[in-house]
Chemist: 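Pasting a structure here, questions to come.
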Amino acid sequence: MNRDEIVAELFRLQDREYAALQTRILPTVPADRIIGVRTPALRLLARDLYKDQDISAFLSCLPHQYFDEDQLHAFVISREKDFDTCITQVCAFLPYIDNWATCDQLSPKAFGKEPERLLPYIQTWIRSGKTYTVRFAVGLLMQHFLDARFDTRYADWVAEIRSEEYYVNMMIAWYFATALAKQYTSVLPYLEDRRLSDWVHNKTIRKSLESFRISDEQKAYLRTLKA
């Protein structure tokens, strides 16, 4: 299936009400780039394309015209099982991601099998200064390095980020709120020592107070740390 055929299929799957909703929640994406294909339909199409078609031409056709093409691209890459193939595809695609939804939908299966191999890439991406590349890198640390593989040096990488971008700062807060739920004792000093920007600091506390994974006693103490 070539790119024109894929786009035609996306328009066949179009839901105009859903397109209107996406226009409201994706302020960085022009409305004329949104076709309005629901996520389950995109996932099914990505599965079929990955399994049955050679879609290398589509993956190399960057930048895509439509947001829904970007979403489809992310879902196809996420199905890739070979780490080396996947990392090549991700590196090619990351510079063209221009919204939080595509960034957060990009979750490659291959990375979960060999997460340690990600670390040099994460270090590069997190220091790139590019909004959605940084957000993606922090998301990978949150997904793969907050449990048995946790190390405070990874939290240091996130704490060192300084950005004026809302979608970066929100991801940093999400990371630290999740880290508090999983590694409370190790992560608490980042708030006690005010190692985050005031906005991220307060947003982290707010998200933590909304979490069911943090105890009432811990929440009471976190309230005392508000900037």
Side-chain angles (χ1 to χ4, degrees), residues 3 6-7 9-11 13-47 49-50 55 58-80 86-109 111 118 121-122 124-144 158 161-178 197 199-200 203 207:
R3 187 261 172 182
I6 289 173
V7 171
E9 178 64 10
L10 292 173
F11 272 99
L13 296 168
Q14 183 180 48
D15 181 328
R16 294 186 182 277
E17 290 186 5
Y18 188 62
L21 170 64
Q22 288 184 306
T23 299
R24 293 194 295 271
I25 66 174
L26 296 167
T28 64
V29 182
D32 61 3
R33 288 195 62 230
I34 297 176
I35 297 173
V37 183
R38 291 184 176 272
T39 297
L42 284 171
R43 289 187 184 277
L44 284 174
L45 181 56
R47 182 198 65 185
L49 291 172
Y50 177 76
I55 58 166
F58 171 73
L59 296 181
S60 63
C61 186
L62 293 167
H64 295 305
Q65 180 177 356
Y66 295 106
F67 160 77
D68 307 73
E69 290 182 88
D70 288 334
Q71 292 287 86
L72 182 63
H73 194 134
F75 289 137
V76 170
I77 292 178
S78 294
R79 299 190 72 85
E80 179 57 55
C86 188
I87 201 72
T88 298
Q89 293 174 343
V90 168
C91 287
F93 185 46
L94 270 180
Y96 299 99
I97 295 178
D98 63 358
N99 66 89
W100 65 266
T102 303
C103 179
D104 294 358
Q105 296 283 21
L106 183 58
S107 182
K109 292 181 178 179
F111 291 177
L118 282 173
Y121 297 97
I122 290 174
T124 298
W125 293 335
I126 212 167
R127 296 168 182 166
S128 69
K130 298 178 181 178
T131 299
Y132 298 102
T133 300
V134 175
R135 182 181 172 98
F136 179 66
V138 176
L140 289 176
L141 288 175
M142 184 168 65
Q143 182 179 1
H144 298 293
V158 181
I161 299 170
R162 288 295 179 271
S163 175
E164 298 298 320
E165 295 288 342
Y166 171 83
Y167 291 105
V168 171
N169 288 328
M170 183 59 79
M171 180 57 83
I172 297 171
W174 187 8
Y175 170 88
F176 275 104
T178 305
S197 70
W199 190 93
V200 172
K203 182 63 71 172
K207 292 177 77 67

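No experiment lies behind these values; they were computed from the predicted model shown. Side-chain atoms are counted along with the backbone in the values below, which use heavy atoms only and exclude waters and symmetry mates.
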Chemist: About how many Å separate OG1 of T102 and CZ of F67, when rounded to the nearest 0.5 Å?
Modeler: 4.5 Å
Chemist: Within this structure, what is the NZ-CZ distance for the pair K207 and F176, rounded to the nearest 0.5 Å?
Modeler: 14.0 Å
Chemist: Suppose we screen for ring-ring contact (aromatic ring centres under 6.0 Å, His included). Which residues come up paired with H144, at least two apart in sequence or across chains?
Modeler: none
Chemist: Mind telling me whether Y66 and F11 have parallel, tilted or perpendicular rings, with 30° and 60° as the class edges?
Modeler: perpendicular
Chemist: Just how far is it from atom OG of S60 to atom CD1 of I55, taken to the nearest 0.5 Å?
Modeler: 10.0 Å
Chemist: Is any side-chain heavy atom of T133 closer than 4.5 Å to a side-chain heavy atom of I97?
Modeler: no
Chemist: Mind checking salt bridge (Lys or Arg N to Asp or Glu O under 4.0 Å) for R38 and listing every partner two or more places apart, or none if nothing turns up?
Modeler: D15
Chemist: Tell me the salt bridge (charged side-chain N to carboxylate O under 4.0 Å, His left out) pairs involving residues 69-78, sequence neighbours left out?
Modeler: R3-E69, R33-D70
Chemist: I need the full list of salt bridge (charged side-chain N to carboxylate O under 4.0 Å, His left out) pairs touching residues 166-176, with sequence neighbours left out, sorted by first then second residue.
Modeler: none
Chemist: The criterion is side-chain contact (heavy atoms from CB on, under 4.5 Å); which residues satisfy it with T28, sequence neighbours excluded?
Modeler: N99, Y132, Y167
Chemist: Under the criterion side-chain contact (heavy atoms from CB on, under 4.5 Å), I'd like the reasoning laid out for L45 against L10: C-alpha separation, chi angles, the key distance, then a yes or no.
Modeler: CA-CA 9 Å; L45 181 56; L10 292 173; 3.9 Å; yes
Chemist: W174 versus V138: any side-chain heavy-atom pair under 4.5 Å?
Modeler: no
Chemist: Quick one, L62 and H73 - any side-chain contact, counting heavy atoms below 4.5 Å?
Modeler: yes
Chemist: May I ask you to decide if G36's main-chain N or O and D68's side chain share a donor-acceptor pair within less than 3.5 Å?
Modeler: yes
Chemist: If I take atom CD1 from residue I172 and atom OG from residue S197, how far apart are they, to the nearest 0.5 angstrom?
Modeler: 7.0 Å
Chemist: Would you check if F75 and T39 make a side-chain contact, meaning some heavy-atom pair closer than 4.5 Å?
Modeler: yes
Chemist: Name all residues meeting the side-chain hydrogen bond (donor to acceptor under 3.5 Å, both in side chains) criterion together with Q89; count only those two or more places apart in sequence or in a different chain, and write none if there are none.
Modeler: none
Chemist: Go through the structure and list residues passing side-chain contact (heavy atoms from CB on, under 4.5 Å) with T23, not counting sequence neighbours.
Modeler: A31, I34
Chemist: Applying side-chain contact (heavy atoms from CB on, under 4.5 Å) to L118 and L141, what does each step give before you reach the verdict?
Modeler: CA-CA 9 Å; L118 282 173; L141 288 175; over 6 Å; no
Chemist: Please determine whether side-chain contact (heavy atoms from CB on, under 4.5 Å) holds for the pair E165 and M171, giving the CA-CA distance in whole Å, both sets of side-chain angles, and the decisive distance to 0.1 Å.
Modeler: CA-CA 10 Å; E165 295 288 342; M171 180 57 83; over 6 Å; no
Chemist: Could you walk me through whether L44 and R47 pass the side-chain contact (heavy atoms from CB on, under 4.5 Å) test, one step at a time?
Modeler: CA-CA 5 Å; L44 284 174; R47 182 198 65 185; 3.7 Å; yes
Chemist: Does A41 have any side-chain contact (heavy atoms from CB on, under 4.5 Å) partners at least two apart in sequence or in another chain, and if so, which?
Modeler: L13, V37
Chemist: If you look only at pairs with a residue in residues 129-141, which of them pass as a salt bridge (charged side-chain N to carboxylate O under 4.0 Å, His left out), with sequence neighbours excluded?
Modeler: D104-R135
Chemist: Looking at residues at least two apart in the chain, or sitting in another chain, which of them share a side-chain contact (heavy atoms from CB on, under 4.5 Å) with R24?
Modeler: A20, L21
Chemist: The criterion is salt bridge (Lys or Arg N to Asp or Glu O under 4.0 Å); which residues satisfy it with E9, sequence neighbours excluded?
Modeler: R12
Chemist: So which atom in C91 and which in P95 form the shortest heavy-atom distance, rounded to 0.1 Å?
Modeler: O-CD, 3.3 Å
Chemist: Got a second to check how far F93's CZ is from L59's CG, nearest 0.5 Å?
Modeler: 9.0 Å
Chemist: Do V90 and P108 come close enough that some side-chain heavy atom pair is under 4.5 Å?
Modeler: yes
Chemist: To the nearest 0.5 angstrom, please state how far the CG atom of L106 sits from the CZ atom of F136.
Modeler: 4.0 Å
Chemist: Do you know which two heavy atoms are closest between G129 and V134, and how far apart they sit?
Modeler: N-CG2, 3.8 Å
Chemist: Using the test ring-ring contact (aromatic ring centres under 6.0 Å, His included), find all partners of Y121 that sit at least two apart in sequence or belong to another chain.
Modeler: W125
